[in-house]
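None of the values given here were measured: they were computed from a predicted structure.
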Amino acid sequence: MATTRSAHTVWEGNLFKGNGVVTFDSSGSIGEQPVSWASRAEEANGKTSPEELIAAAHSSCFSMAFSNILDKAGTPPTKLLTSADVTFQPGEGITGIHLTVEGTVPGIDEEAFVAAAEDAKVNCPVSQALTGTTITLSAKLA
């Protein structure tokens, strides 16, 4: 069964001096989040950015895909700690995403862990949606 998740943004003003509020409609669990050009291209100052939202989506999607791959291989993870760093260059756009994962996975060696992480990097739905961006990965066992 397909699902659709929704968010909306209300933006006021021009790009450089304006600001907006992102609302997570589907879950309502995150609440409204302020966003601005300065929070995107300079310092966050308590506001989010499209890149931070992509990082959250990518790190969670990758973790789900990776845990499923490990489980299907008979080595379910005890814990995965995944971060996603999305780089934005004004005038160029998003120039890359780096995923970092450290895992506690009984019964697996480092080589199999890294191979499974690479599989998840390529095949998680968010990675597939972002195929126009270079995605790199660092993976290690805890």
Side-chain angles (χ1 to χ4, degrees), residues 1-13 15-16 18-142:
M1 179 168 118
T3 59
T4 301
R5 301 293 184 251
S6 302
H8 74 273
T9 300
V10 176
W11 186 267
E12 296 176 344
L15 174 61
F16 298 109
N19 60 73
V21 175
V22 177
T23 303
F24 297 83
D25 300 324
S26 299
S27 68
S29 64
I30 298 174
E32 295 182 339
Q33 297 296 311
V35 62
S36 68
W37 174 256
S39 69
R40 184 177 199 183
E42 299 166 17
E43 294 296 320
N45 291 320
K47 297 179 181 177
T48 194
S49 69
E51 291 71 31
E52 184 176 41
L53 298 170
I54 290 169
H58 206 175
S59 66
S60 61
C61 182
F62 171 88
S63 294
M64 288 182 214
F66 192 21
S67 70
N68 189 46
I69 290 166
L70 291 167
D71 187 49
K72 285 183 175 180
T75 53
T78 302
K79 182 178 181 180
L80 297 173
L81 174 59
T82 304
S83 62
D85 298 307
V86 178
T87 302
F88 174 74
Q89 178 65 46
E92 290 181 48
I94 294 173
T95 57
I97 300 171
H98 186 73
L99 297 168
T100 304
V101 62
E102 183 173 324
T104 304
V105 186
I108 196 171
D109 64 22
E110 192 83 21
E111 184 178 343
F113 181 82
V114 171
E118 286 288 344
D119 185 12
K121 179 192 86 166
V122 171
N123 291 304
C124 93
V126 171
S127 288
Q128 291 179 349
L130 299 172
T131 56
T133 302
T134 301
I135 302 169
T136 56
L137 172 71
S138 298
K140 68 177 184 174
L141 288 169

Rounded at 0.5 Å granularity, tell me how far [atom1] in [X] sits from [atom2] in [Y].
X: T87; Y: I97; atom1: OG1; atom2: CD1; answer: 8.5 Å
X: S67; Y: K79; atom1: OG; atom2: NZ; answer: 14.5 Å
X: W11; Y: N19; atom1: CH2; atom2: CG; answer: 6.5 Å
X: I94; Y: T133; atom1: CD1; atom2: OG1; answer: 6.0 Å
X: I54; Y: D85; atom1: CD1; atom2: CG; answer: 13.0 Å
X: L141; Y: D109; atom1: CG; atom2: CG; answer: 8.0 Å

Check [X] against [Y] and note the closest heavy-atom contact, atom names and distance.
X: E110; Y: A139; result: OE2-O, 3.8 Å
X: L137; Y: F62; result: CD1-CZ, 4.0 Å
X: P76; Y: V105; result: O-CG1, 4.1 Å
X: A117; Y: V101; result: CB-CG1, 4.3 Å
X: P125; Y: C61; result: CD-SG, 3.3 Å
X: P50; Y: V35; result: CD-CG2, 4.2 Å

Within-4.5 Å side-chain heavy-atom neighbours: [X] and [Y]:
X: H58; Y: V86; result: no
X: F66; Y: L80; result: yes
X: T23; Y: E32; result: yes
X: S59; Y: S83; result: no
X: P90; Y: W37; result: yes

Between T75 and L70, is there a donor-acceptor pair closer than 3.5 Å when you use the side chain of the first and the backbone of the second? yes
Does any N or O in the side chain of S127 come within less than 3.5 Å of the main-chain N or O of V122, such that one atom is a donor and the other an acceptor? no
Given the rule in the side chain to side chain contact (heavy atoms under 4.5 Å, CB included) test, do C124 and M64 qualify, once you have shown the distances and angles that lead to the verdict? CA-CA 8 Å; C124 93; M64 288 182 214; over 6 Å; no
What residues form a side-chain hydrogen bond (donor to acceptor under 3.5 Å, both in side chains) with T48, not counting sequence neighbours? E52
Worked verdict on Q33 versus L53 for side chain to side chain contact (heavy atoms under 4.5 Å, CB included): CA-CA 10 Å; Q33 297 296 311; L53 298 170; 5.9 Å; no
How about E43: does its CD atom have over 12 heavy atoms from other parts shown lying under 6.0 Å from it? no
Report, as yes or no, whether the 6.0 Å neighbourhood of atom CD on E12 holds more than 12 heavy atoms from other residues, nucleotides or ligands. no
List in chain and number order the residues that pass salt bridge (charged side-chain N to carboxylate O under 4.0 Å, His left out) with E51, two or more places apart in sequence or in another chain; answer none if no residue qualifies. R40
